[in-house]
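The structure appears below as structure tokens.
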2 protein chains.
Amino acid sequence: MRAKPRFAPSQILRRARRRSTSQRSLLLDLIQQAGGHLDADELYRRAREQQPRLSLSTVYRSLRLFKQLQLIDELHFEEDHHHYEGHSPREHHHLVCLGCGRVVEFESPLIQQLKADVGGRQGFKVTSAELNLAGLCPRCRGKKGSV
Amino acid sequence: MRAKPRFAPSQILRRARRRSTSQRSLLLDLIQQAGGHLDADELYRRAREQQPRLSLSTVYRSLRLFKQLQLIDELHFEEDHHHYEGHSPREHHHLVCLGCGRVVEFESPLIQQLKADVGGRQGFKVTSAELNLAGLCPRCRGKKGSV
DNA sequence: CTTACTGCAAATAGTTTGCAAGAAG
DNA sequence: CTTCTTGCAAACTATTTGCAGTAAG
């Protein structure tokens, strides 16, 4: 393990004139520890294990705040709700297994190229890119016949 | 305009043992004509202009069916609901303007490369890729200051 | 005729909001 | 103390479902 690469969330909250509460710290910790891809409900369930009175509203309000402050990123997989992960300094994308739901992160320099390329051609200033690949992971490729 | 490149939807429905109804034809036509990116509600509103008794349930049921039959694709922009477009044989992706909401489609050979690349590295069989870029279109780049 | 499809109303999932009580600074 | 935040319940948006009537094949 290396030294913490990020500013302490409490400092970021402070700078944004937002209060650092036990709920917010807990939620942020859980998101960070989970290594990403949590949805609101899962986060809520995990948070309640440690603070049973924490409400779902607080989860949603916190997620919105964290997103505004760029502490987390919102992911849009093929579902009716969003997923979240701690904002990482390295841009990366996601590969989701349609068999078991496993999510793998990956980086690729091609994306930068693509952003510049397309942005230039269309005259857009591209500020963000979300790429989601879907397929079958090594394990699930075998069981294909049963589906 | 060229000759229709697709099978008639009615044939596809037939083959899948589904009935070809006036509602389904209308909805499919509207999606095709819109050139893509409609959401359920917008589709519902347009459909009612021609068939006032058509219900929202039918819209949702039809969308689900069309998606299953690969007649349409579902898009996951940064919103709480999905968007749909007629399935096109050429894989393409989307560039959304954060200023005015305009959606531009683009193709890029880099995506194929990326799919092969990442799939290979992770041992996945990649079956689909959704890439959404966001940014400011030429027109909206100017007004930036006012935001 | 038979079975799939539709419209309607009610149900459900995900998310937001009003408000009074509670905590941070 | 003052203002921001929380918990709770109620509201809201997007989508799904049960069921009886309607229409496609």
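Keep in mind that this is a model prediction, so the values were computed, not measured. First the proteins, then the strands, lettered A, B, ... as listed; each starts at 1.
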Per nearest nucleotide of DNA chain D, the residue lying toward the 5' end, B/Leu56 or B/Ser20, is B/Leu56
The answer to which of B/Arg14 and B/Asp80 contacts DNA chain D further toward the 5' end, by nearest nucleotide, is B/Asp80
How many whole angstroms separate atom [atom1] of [X] from atom [atom2] of [N]?
X       : N      : atom1 : atom2 : result
A/Arg24 : C/dG22 : CZ    : C1'   : 14 Å
B/Tyr44 : C/dG7  : OH    : C1'   : 10 Å
B/Gln51 : C/dG7  : CD    : P     : 7 Å
A/Tyr84 : C/dG14 : OH    : P     : 12 Å
A/Arg19 : C/dA24 : CZ    : P     : 9 Å
B/Leu26 : C/dC5  : CG    : P     : 17 Å
B/Glu79 : D/dA14 : CD    : C1'   : 12 Å
B/His82 : D/dT16 : NE2   : P     : 8 Å

[X] side-chain N/O to [N] phosphate OP1/OP2 under 4.0 Å:
X       : N     : answer
B/Arg53 : C/dC8 : yes
B/Arg17 : C/dC5 : no
A/Gln23 : D/dG7 : yes

Parallel, tilted or perpendicular, judged at 30° and 60°: which one describes the rings of A/His94 and A/Phe77?
perpendicular
Can you classify the ring geometry of A/His76 versus A/His82 as parallel (below 30°), tilted (30 to 60°) or perpendicular (above 60°)?
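Perpendicular, since the angle between the ring planes exceeds 60°.
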Linking I/L/V/M/F/W/Y whenever any side-chain heavy atoms sit under 4.5 Å apart, do B/Tyr44 and B/Tyr60 land together?
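Hydrophobic grouping puts B/Tyr44 with B/Tyr60.
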Listed nucleotide nearest any side-chain atom of B/Tyr60, set D/dT16, C/dT15, C/dT17:
D/dT16
So, does B/His92 use its side chain to make a donor-acceptor pair with the main chain of B/Arg90 at under 3.5 Å?
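It does hold such a pair.
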Salt-bridge criterion met for A/Glu91 and A/Lys115 (N-O under 4.0 Å):
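A/Lys115 and A/Glu91: salt-bridged.
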Counting distance alone, no hydrogens or angles: does the base of [N] have a donor or acceptor under 3.5 Å from a partner atom on the side chain of [X]?
X       : N     : answer
A/Thr21 : D/dT6 : no
B/Arg61 : C/dG7 : yes
A/Thr58 : D/dT5 : no

